[in-house]
Number of protein chains: 2
Amino acid sequence: MLKKLDPLLHSELRLAIMSLLITLEKTEFTYIKEQTEATAGNLSVQITKLENAGYLIVKKGFKGKMPQTTCSITKQGREAFEKYVADLKDYLKL
Amino acid sequence: MLKKLDPLLHSELRLAIMSLLITLEKTEFTYIKEQTEATAGNLSVQITKLENAGYLIVKKGFKGKMPQTTCSITKQGREAFEKYVADLKDYLKL
DNA sequence: TAAACTAGTTTATAAAATAAACCAAATTAT
DNA sequence: ATAATTTGGTTTATTTTATAAACTAGTTTA
């Protein structure tokens, strides 16, 4: 029987965000925006969802005088990602 | 850069349907319903979407006196599934 | 022959994704 | 100096999607 996929990760943009974070460990909002080609609004919403789930943490500071938001993945987020990959493999026949 | 995922396949239920069809080649509606634990209504809707996209074909007949709907994957469906798997691998770091 | 079940479809509702509008401050041009 | 533009976002509204509820048509069982 196929496992239920984590609905929080089964979203193209959120998966892309997590995919970046899993290799980069710490990433700026603007960089994620560039890489994913998402709109800022959409990105903001999806990052907040991942934050609320405890999959990443958001730090707000400044780079020079400009505001800067950085995200980093949590242990919980990493584990959720790995579980998602494992669950999905059954669907993909991998 | 991450590839855009086929939105038709990036749906848990539709992916489960395609996942069944890709190995079984021909499958009854009722069997898909059992395996996926989806409601009949939801399943009917999602099968129609896959049919409209040309990813599967639906045949209606009878098993004894009872109506029977069977689905089978098309070449196009198989190719779309394979492309989806390939695209998704980048997200999953596989 | 009435009640319950099978095999679905259609339609309505809930949830999710996305875009549009907005805000505050910084930078650039006049 | 100040007006216009850009940066870095958030909030809210709209669209899309997923899901569930209600319905249809016929069959089997009591």
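A note on names: the letters A, B, ... follow the listed sequences, proteins ahead of strands, and every chain is numbered from 1. Excluded from the calculations below are hydrogen atoms, water molecules and symmetry mates; all remaining heavy atoms, backbone and side chain alike, are included.
Within the 3.5 Å criterion, the main-chain N or O of E79(B) finds no donor-acceptor partner in the side chain of Y55(B). Of the possible polar contacts, none joining the S44(B) side chain to the A40(B) backbone as a donor-acceptor pair under 3.5 Å is found. A distance-only check finds no donor-acceptor pair linking the side chain of S72(B) to the backbone of K26(B) [under 3.5 Å].
Side-chain contact between L88(B) and L88(A) is present, with heavy atoms from C-beta onward closer than 4.5 Å. Counting heavy atoms from C-beta outward, T36(A) and L2(B) have side chains that stay 4.5 Å or more apart.
Nearest-nucleotide assignment on DNA chain C puts the 5′-proximal partner with L13(A), out of F62(A) and L13(A).
Residue H10(B) contributes atom NE2, which lies 12 Å from atom C1' of dT17(D) at whole-angstrom precision. Atom-to-atom, CD of E34(B) to C1' of dG8(C) comes out at 15 Å; the value is rounded to the nearest Å. The interatomic distance linking N52(B) (CG) with dT17(D) (C1') rounds to 15 Å, in whole Å. The interatomic distance linking Y31(B) (OH) with dG8(C) (P) rounds to 16 Å, in whole Å. Taking atom CG of L5(B) as the reference point, atom C1' of dT17(D) lies 16 Å away to the nearest angstrom. Rounded to whole Å, the distance from CE on M66(A) to C1' on dT6(D) is 7 Å. Atom-to-atom, NZ of K65(A) to P of dG9(D) comes out at 18 Å; the value is rounded to the nearest Å. Atom pair Q68(B):CD and dT6(C):C1' shows a separation of 12 Å (rounding to whole Å applied).
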When you compare the protein's N or O atoms with those of nucleotides 9-15 of chain C, which come within less than 3.5 Å of each other, and at what distance?
unit_1, atom_1, unit_2, atom_2, d
dT9(C), OP1, K60(B), NZ, 3.0
dT9(C), OP2, S44(B), OG, 2.4

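K49(A) comes within 4.0 angstrom of the backbone, heavy atoms only, and of no base. Across all strands shown, Q46(B) has heavy atoms under 4.0 Å from base atoms, whether or not it also approaches the sugar-phosphate.
Taking 4.0 angstrom as the limit, S11(A) places a side-chain polar atom (N or O) nearer than this to OP1 or OP2 of dA17(C). At dT17(D), none of the side-chain N or O atoms of R14(B) fall inside 4.0 Å of OP1 or OP2 (strictly under the cut-off).
No continuous path of hydrophobic side-chain contacts links I57(B) to I17(B) [ILVMFWY only; heavy atoms under 4.5 Å].
Aromatic ring orientation, H10(B) versus Y84(B): tilted (interplanar angle from 30° to 60°).
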